[in-house]
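Step one of this worksheet: look at the structure below.
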Amino acid sequence: LSCALWGAVSLSIGVSTQAPVRNSTTQTAEGNGVVIGRVIDAAGGGPIADAVVSVNTEVGSEFPSSSGNLDKTGSIPQRRYLVDHQGRFVLRELPGGEIRIEATAQGYVPGKLGQSRPGGPARALTLGEDERRDGIIIRLWKFGVISGRVVDDVGEPAIGVSVDVLSRVLTYGRPRFSLVTRETTDDRGMYRAGMVPPGDFVVALPQKQVTMPLTGPQDWRSGPGSRTGPPNQHGLRIDEFIWQTTAAFGGWAVAPPPAKEGHLLAFPTTFYSGTSAVGQATVITLDPGEERTSVDFQLRPVLTVRVSGTV
């Protein structure tokens, strides 16, 4: 670990009496407080080896003291400890005040002292001067996996399709959705969303259509100022406009051929399993460490309509 990156870094293996490693350029306020605890798997209760425990302390002072270097909030630079094979840690030389402890481990959602669910409220540990506290437990939850396959309307693999995993949380009794991860299908149409925390989710194939004037790219090139990038000219020409479909096949996609009667077709945004309305989507409840497979999709084109107006 680089001291320049982590600030004050300390390692404690099991109940080792080794003093924390100091950053030679930064002093930290010290005390004689000790905190002993374990990092465990929230589901099975077993120890998590090689977890890293981080400690932030607040001593309630807004001014530096002769024994340490505090910022304006009275926080001491973060310390980090490595647990042993039984998930045990010993935090030494802690000053009195509020102690905030959190832990991270590969394959687990980061957890904090006091949390009873992933991302739930945490609490601080109030430590007296020279106090020793034992039996502290920090729980971590394993990431889960959601995977599946996407095929087109004739059953062929849909390659390069964007797949969104959205968390579903009730706020004042109403569902709210936010993006957790976005994956892309491979040459078999397969996708795999790893590092998904336990909770409720819906899965979607995002899609949108864009219409621009034929002169759009030329107007961009002749316009003043810095731009993020020229408009894409690929698409289907309709009168004096370019019609494009995006995201279903990654970036600017090839639209389905027009229907026999001449209507344009497009792939709509689709939620698992097979609906275009998020309120009707199947909610996937993922337990810690669970791998949910066969969350599959089939793209089905629909007729489009033309809408015009003035901005």
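Every heavy atom of this structure was used, including side-chain atoms; hydrogens, water molecules and symmetry mates were not. What you are looking at is a predicted structure, and each value in this text was computed from that prediction instead of being measured.
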Answer yes or no: is there an ion pair linking R149 with D296, defined by an N-O contact shorter than 4.0 Å?
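Here R149 does not pair with D296 in a salt bridge, since their nearest N and O are not under 4.0 Å apart.
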No-hydrogen, no-angle side-chain donor-acceptor test under 3.5 Å, S273 and T282
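Result is yes, a qualifying pair exists.
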Hydrogens and angles aside, do S178 and S167 bring a side-chain donor and acceptor to less than 3.5 Å of each other?
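Indeed, the side chains of S178 and S167 share at least one donor-acceptor pair under 3.5 Å.
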Please identify which of these residues, V35, L113, L91, meets the side-chain contact (heavy atoms from CB on, under 4.5 Å) condition with V55.
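Output: one option passes, namely L91.
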Run E291 and R192 through side chain to side chain contact (heavy atoms under 4.5 Å, CB included) and show every step you take.
CA-CA 10 Å; E291 182 163 357; R192 186 178 188 274; 3.9 Å; yes
Check: [Y] main-chain N/O paired with [X] side-chain donor or acceptor under 3.5 Å:
X	Y	answer
Q280	T275	no
T185	V161	yes
D186	G189	yes
T270	P268	yes
R188	I159	no

Evaluate the criterion side chain to side chain contact (heavy atoms under 4.5 Å, CB included) for residue pair I284 and D200; output intermediate values, then yes/no.
CA-CA 6 Å; I284 298 172; D200 293 337; over 6 Å; no
Kindly state each residue pair satisfying side chain to side chain donor-acceptor pair (under 3.5 Å) with at least one member in residues 101-116, sequence neighbours excluded.
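Listed once each, the pairs are D41-Y108.
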Which value, rounded to the nearest 0.5 Å, describes the distance between [X] atom [atom1] and [Y] atom [atom2]?
X	Y	atom1	atom2	answer
L166	R182	CG	CZ	9.0 Å
I146	Y272	CD1	OH	10.0 Å
I136	L125	CD1	CG	5.0 Å
L179	D164	CG	CG	5.0 Å

Specify the closest pair of heavy atoms between V83 and F89, including all atoms of both residues, with the distance to one decimal.
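In this case the closest contact between V83 and F89 is CG1-CB, 3.9 Å.
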What's the shortest heavy-atom distance between E93 and R79, and which atoms?
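Scanning both residues, the minimum pair turns out to be O-NH1, 3.1 Å.
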Check whether any side-chain heavy atom of [X] lies under 4.5 Å from a side-chain heavy atom of [Y], and answer yes or no.
X	Y	answer
F143	V196	no
F297	V151	no
D130	R132	no

Given V150 and L205, is the side chain to side chain contact (heavy atoms under 4.5 Å, CB included) satisfied, shown in steps?
CA-CA 9 Å; V150 183; L205 301 183; 3.9 Å; yes
Salt bridge (Lys or Arg N to Asp or Glu O under 4.0 Å) assessment of R300 paired with D153:
CA-CA 5 Å; R300 299 184 184 278; D153 53 325; over 6 Å; no
